2 protein chains.
Amino acid sequence: MTILRTPLADGSARGIPDATVARLPVYLRALNALTEQGVSTCSSNDLAENAGVNPAKLRKDLSYLGSYGTRGVGYDVEYLRYQIAREIGQTQDWDVVIVGVGNLGSALSAYQGFSTRGIRVAALVDADPKRVGTTISGITVSSLDDLPAIVEERAISIGIIATPGTAAQEVADRLVAAGVTSILNFAPALVQVPDGVDVRKVDLSIELQILAYHEQRKAGNDKVVGA
Amino acid sequence: MTILRTPLADGSARGIPDATVARLPVYLRALNALTEQGVSTCSSNDLAENAGVNPAKLRKDLSYLGSYGTRGVGYDVEYLRYQIAREIGQTQDWDVVIVGVGNLGSALSAYQGFSTRGIRVAALVDADPKRVGTTISGITVSSLDDLPAIVEERAISIGIIATPGTAAQEVADRLVAAGVTSILNFAPALVQVPDGVDVRKVDLSIELQILAYHEQRKAGNDKVVGA
DNA sequence: CCTTGTGAAGCTGTTCACAGCC
DNA sequence: GGCTGTGAACAGCTTCACAAGG
């Protein structure tokens, strides 16, 4: 649950706020879009608009990385893209393992958006013997028991939990035991992990429940947004 | 992108912070778990532990809804569950429409976690004529052109975008035109909507990119967590 | 005694507004 | 003149610590 901001005990003062880290991939995408449009230089206004954020926030975010812009001119799209990519580790590909190849796990294994963002689904794993050995998105499903071997062999540090909630904790334990140090949890359950392991949670139901809350409020009040 | 906090121009002072709203479904799930364990009363400590939050935060969150606990005793699980459910509109079911029945849309349509949380996938829609008419998870896929009719007939106010990024804005426009006022966007693209429409975004790649950033930092520093 | 409910303090993140530089 | 980079003000969220009350 707690994403630790590594304090960097040594001198190299580099504590990028979590909120900023979460937006850097968005900026990267916006820069890629600009490149495709043939734009080679952009202002913080241009980029902010493409990314859907306030220009001041964008500039502040970028200031945590360094001074990569030119006053009076703006940012060089390609140069900035490279700097952000380097900062968030996108100059290399990251191999991930997906645990659970039900509907969601299968969909994730086929997700096109990963490959263009430096994420490579390197292995699929399932506890169900009936699924082990089948091929999904061109990858043969392995047994959960083979997790340690797979993680070590492919140097995987990121695991995705796409199992039912009841299996989530056990899967998390096994991932950690196998050497995984970052987990993306899609299961609707809380997972406990030791210090040094990051967990992020994506809860599909909760997102909809939040929208439902706002819908209910809209229905309750006549006017929604005061002009 | 901006989730508006409805200001409630009238007297009924009820401005629940966004951060709290996002946690209420988590508390609901924790309460359900406690009920299944046969627990009928719990302290803020018990519940907070089950929900993975700090007890003080839990109490403050609940205080926005009212005073539903008993000092010296704790909370009645069933009573609190009902109060939260009522607050976030979980006493009724919400019909949603999913646009795009590729891998992700199909997986979502089959997702078990929705039904138990008051979300009902009422309709599936796709722009591809080859998919229209097929049946997925027991629902016949309709044409994108039928969206207005479907939304009106089933009184749908929440739509899910599960298309490629390139189609997202057009789909959002059509959803809004059809009368949808809340959108959950899984496409890796920014969508613009008029005031009064809520959009939440779930970006699968970005979650992994954030984890990759932290992984990179761990690899860079020897010690991760200073004891 | 116990646990809730809550002012107050502290922290993180956002926005403003302008100095600095091209 | 224009745009970046940033201190400072602001807003929102979290945590503390304790009064209130069963």
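Computed from a prediction, not measured in an experiment: that's the story for all the values here. Convention: sequence-line order gives letters A, B, ...; per-chain numbering from 1.
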Student: Using a 4.0 Å heavy-atom cut-off to protein, can you give one letter per nucleotide of nucleotides 17-22 of chain C, 5' to 3': B if the base is in contact, S if only the sugar-phosphate is, - if neither?
Tutor: B-BBBB
Student: Kindly determine whether A:D76 and A:R81 satisfy salt bridge (Lys or Arg N to Asp or Glu O under 4.0 Å), including the steps that lead there.
Tutor: CA-CA 8 Å; A:D76 181 277; A:R81 201 203 58 74; over 6 Å; no
Student: Is any side-chain nitrogen or oxygen of B:N54 closer than 4.0 Å to OP1 or OP2 of D:dC16?
Tutor: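 Looking at the OP1 and OP2 atoms of D:dC16, one of them is under 4.0 Å from a side-chain N or O of B:N54.
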Student: Does the gap between the ring centers of B:Y79 and B:Y82 come in under 6.0 Å?
Tutor: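 Between B:Y82 and B:Y79, which both carry aromatic rings, the centre distance is not below 6.0 Å.
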Student: State, without any angle test, whether B:S44 and B:R59 hold a side-chain donor-acceptor pair at a distance under 3.5 Å.
Tutor: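 The answer is yes; a qualifying pair exists.
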Student: So, B:N45 versus B:E49: side-chain donor-acceptor pair below 3.5 Å or not?
Tutor: no
Student: Using a cut-off of strictly less than 4.0 Å, decide whether B:Y75 has a side-chain nitrogen or oxygen near OP1 or OP2 of C:dG5.
Tutor: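 B:Y75 to C:dG5 OP1/OP2: side-chain N or O found under 4.0 Å.
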Student: For C:dT6, take OP1 and OP2 only and decide whether either is under 4.0 Å from a side-chain N or O of B:K60.
Tutor: no
Student: Let me know the distance between CG of B:L58 and C1' of C:dG5, rounded to the nearest Å.
Tutor: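 Checked: the CG to C1' distance equals 12 Å.
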Student: In whole angstrom, what separates A:K57's NZ from C:dG13's C1'?
Tutor: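 It is 8 Å, rounded to the nearest whole Å.
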Student: With a 3.5 Å cut-off and no angle check, do the side chains of B:T35 and B:N32 form a donor-acceptor pair?
Tutor: no
Student: With sequence neighbours excluded, what pairs up with B:Y27 under the ring pair (Phe, Tyr, Trp, His ring centres under 6.0 Å) test?
Tutor: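 Scan of B:Y27 (ring pair (Phe, Tyr, Trp, His ring centres under 6.0 Å), adjacent residues dropped) gives none.
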Student: For B:L47 and C:dT3, give me the distance from atom CG to atom C1', rounded to whole Å.
Tutor: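 The distance from CG of B:L47 to C1' of C:dT3 comes to 13 Å, rounded to the nearest Å.
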